[in-house]
Peer 1: 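Dumping the structure here so I can ask a few things about it.
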Number of protein chains: 2
Amino acid sequence: MNFITEGIPETVTSIREAAELTGLTEDTIRYYERIGLLPYADRKPNGHRHYSKDQILGIRFLMRLKATGMTLEEMRRYLELTRQGDSSLSERYTLLEAHNDRIAREIARLQETQNVIQYKLSHFRELAENPHQDTPGCESPDS
Amino acid sequence: MNFITEGIPETVTSIREAAELTGLTEDTIRYYERIGLLPYADRKPNGHRHYSKDQILGIRFLMRLKATGMTLEEMRRYLELTRQGDSSLSERYTLLEAHNDRIAREIARLQETQNVIQYKLSHFRELAENPHQDTPGCESPDS
DNA sequence: GTACTACTTGGAGTATGCTCAAAGTCAAGC
DNA sequence: GCTTGACTTTGAGCATACTCCAAGTAGTAC
């Protein structure tokens, strides 16, 4: 048990608890199961879903992929490979590596835009100090 | 004329050219105009849209905001302020600053996920070299 | 005059990703 | 036994952001 697994019991006995631990809503968890993004969850005798700690960790990792721009369909593909076991390791490797590259490009774009915004903000500060200077086209949102 | 404005003629005489210069499709430009995200564009005598260089730059800046996670509705709000002129400067400043903060948090999250992915990739490499070691739970996608 | 191309408008349709509602089951508390 | 609450399934509805289509116009080429 390390910091990653902290706060997750060995078995999670309700969809409500699973929702709390993953940050999803109960409806979303059911929806994901319906579209095959999550495997059909184990049920208790009364039909209610329950989850192992590993399953919760799996969902958390998926949510990380989602939060970084992976679509549900791509995530479904990744999970399909996972279910195929070790034979799919190299394909999974390729997939994750590609996603990592995508993230790197996204970070670069975000930083670029931060620069543009900083430029605009400094321009706004100048305008505030020294209002109404006649620099035509200057207020057009540029770049 | 600096590197930012390079390749943009003083006036852009067709929606097709505007699309090429902004990376949008013609349909998307019309759609944005329809929902009030872009002002009703000037028309030539035959009714066709034309754009000034500043307007193209404006669209490019908007696309940057969009590419970094701003919704069309928020962009519409920002443009509304821009149309109000200098009196809205401080509100626009606040808005852009907030977006900049959001970008910063997004970058942090992306980097965090890069770390997790790197960890998983190195785990995959280990598995490839030394297959089928019995470490239960180890293949569950963690974090 | 006819064809062709590039545009125009308005409206309908689509993809993604949820979100909600209806109707029913099951177990616990009173 | 009845209510309450947490769940179940199925299916419909919704928000965002396009994307496509039909019908029409305007200008040029032959």
Side-chain angles (χ1 to χ4, degrees), chain A residues 9 11-52 55-56 59-80 99 102 106, chain B residues 9 11-52 55-56 59-80 99 102 106:
Chain A
T11 118
V12 171
T13 61
S14 74
I15 194 170
R16 166 195 270 267
E17 202 184 349
E20 276 162 13
L21 289 168
T22 58
L24 296 172
T25 67
E26 302 171 29
D27 269 330
T28 303
I29 291 176
R30 290 192 202 99
Y31 167 68
Y32 283 176
E33 191 180 304
R34 217 181 335 178
I35 65 170
L37 181 57
L38 298 179
Y40 186 78
D42 295 340
R43 308 295 156 124
K44 293 182 285 186
N46 64 4
H48 293 193
R49 289 167 181 81
H50 65 98
Y51 299 89
S52 71
Q55 287 170 334
I56 296 296
I59 297 175
R60 280 199 186 172
F61 179 66
L62 276 185
M63 289 314 102
R64 225 176 231 300
L65 294 181
K66 179 172 178 299
T68 54
M70 194 177 275
T71 64
L72 300 189
E73 182 51 33
E74 289 169 304
M75 286 156 63
R76 219 194 41 68
R77 172 72 184 141
Y78 179 78
L79 284 182
E80 196 182 282
H99 188 62
R102 202 160 70 176
E106 176 69 9
Chain B
T11 117
V12 171
T13 61
S14 73
I15 194 169
R16 166 195 269 268
E17 202 184 349
E20 277 164 12
L21 290 168
T22 58
L24 297 171
T25 68
E26 302 172 28
D27 270 330
T28 304
I29 291 176
R30 289 191 202 99
Y31 167 68
Y32 282 176
E33 191 180 304
R34 216 175 343 173
I35 65 169
L37 182 57
L38 298 178
Y40 186 78
D42 294 340
R43 308 297 156 122
K44 292 183 284 186
N46 64 4
H48 293 192
R49 289 167 181 80
H50 65 99
Y51 299 89
S52 71
Q55 287 171 334
I56 297 296
I59 297 175
R60 280 199 186 171
F61 180 65
L62 276 184
M63 289 314 102
R64 225 178 230 300
L65 294 180
K66 179 172 178 300
T68 54
M70 195 178 274
T71 65
L72 300 190
E73 182 51 31
E74 289 169 304
M75 286 155 63
R76 218 194 41 66
R77 171 71 184 144
Y78 179 77
L79 284 182
E80 197 182 283
H99 187 62
R102 202 160 69 176
E106 176 67 9

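Throughout, a chain's letter reflects where its sequence line sits, starting with A, and its residues are numbered from 1.
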Peer 1: Which of residues 66-76 of chain A sit near DNA chain C, with a heavy atom under 4.0 Å from it?
Peer 2: A:Lys66, A:Thr71, A:Leu72

Peer 1: Please state whether the phosphate of C:dT8, meaning OP1 or OP2, lies under 4.0 angstrom from any side-chain nitrogen or oxygen of B:Arg49.
Peer 2: yes

Peer 1: Atom CZ of residue position B:Arg16 - does it have more than 12 heavy atoms of other residues, nucleotides or ligands inside 6.0 Å?
Peer 2: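 12 or below, so no.
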
Peer 1: Are any non-hydrogen side-chain atoms of B:Glu26 and B:Glu20 less than 4.5 angstrom apart?
Peer 2: no

Peer 1: Decide yes or no on side chain to side chain donor-acceptor pair (under 3.5 Å) for A:His99 and A:Thr68, but give the supporting numbers first.
Peer 2: CA-CA 9 Å; A:His99 188 62; A:Thr68 54; 2.8 Å; yes

Peer 1: Would you say that A:Pro9 contacts A:Leu21 through its side chain, given a criterion of any heavy-atom pair below 4.5 Å between the two side chains?
Peer 2: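 They are in contact (side-chain heavy atoms under 4.5 Å apart), so the answer is yes.
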
Peer 1: Quick one, A:Asp42 and A:Arg49 - any side-chain contact, counting heavy atoms below 4.5 Å?
Peer 2: no

Peer 1: Report yes if the side chains of B:Tyr51 and B:Ile29 come closer than 4.5 Å at any heavy-atom pair, otherwise no.
Peer 2: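 Yes; the side chains approach each other to less than 4.5 Å.
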
Peer 1: Students should find this one: the first and last nucleotides of DNA chain D, 5' to 3', lying under 4.0 Å from a heavy atom of chain A. What are they?
Peer 2: D:dC7 to D:dG11

Peer 1: What pairs with B:Arg77 under side chain to side chain donor-acceptor pair (under 3.5 Å), at least two apart in sequence or on another chain?
Peer 2: B:Glu80, B:Glu91

Peer 1: Taking it one step at a time, do B:Met70 and B:Lys66 satisfy side chain to side chain contact (heavy atoms under 4.5 Å, CB included)?
Peer 2: CA-CA 5 Å; B:Met70 195 178 274; B:Lys66 179 172 178 300; 5.7 Å; no

Peer 1: Report the distance from atom CZ of B:Arg76 to atom CG of B:Leu37, rounding to the nearest 0.5 Å.
Peer 2: 8.5 Å

Peer 1: If the cut-off is 4.0 Å, is B:Arg34 near the phosphate of C:dT9, judged by side-chain N/O to OP1 or OP2?
Peer 2: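 Answer no for this pair, as no side-chain N or O of B:Arg34 is under 4.0 Å from OP1 or OP2.
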
Peer 1: Strictly below 4.0 Å, heavy-atom distances to any atom of DNA chain C: list the hits from residues 20-31 of chain A, or just say none.
Peer 2: A:Asp27, A:Thr28, A:Tyr31

Peer 1: Which of residues 35-48 of chain B have a heavy atom under 4.0 Å from DNA chain D?
Peer 2: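 By residue number: B:Asn46.
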
Peer 1: Taking side chain as C-beta onward, heavy atoms only, is B:Leu62 less than 4.5 Å from B:Leu38?
Peer 2: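 B:Leu62 reaches B:Leu38 side chain to side chain.
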
Peer 1: Applying side chain to side chain contact (heavy atoms under 4.5 Å, CB included), can you list everything that pairs with A:Pro39, at least two apart in sequence or on another chain?
Peer 2: A:Arg83

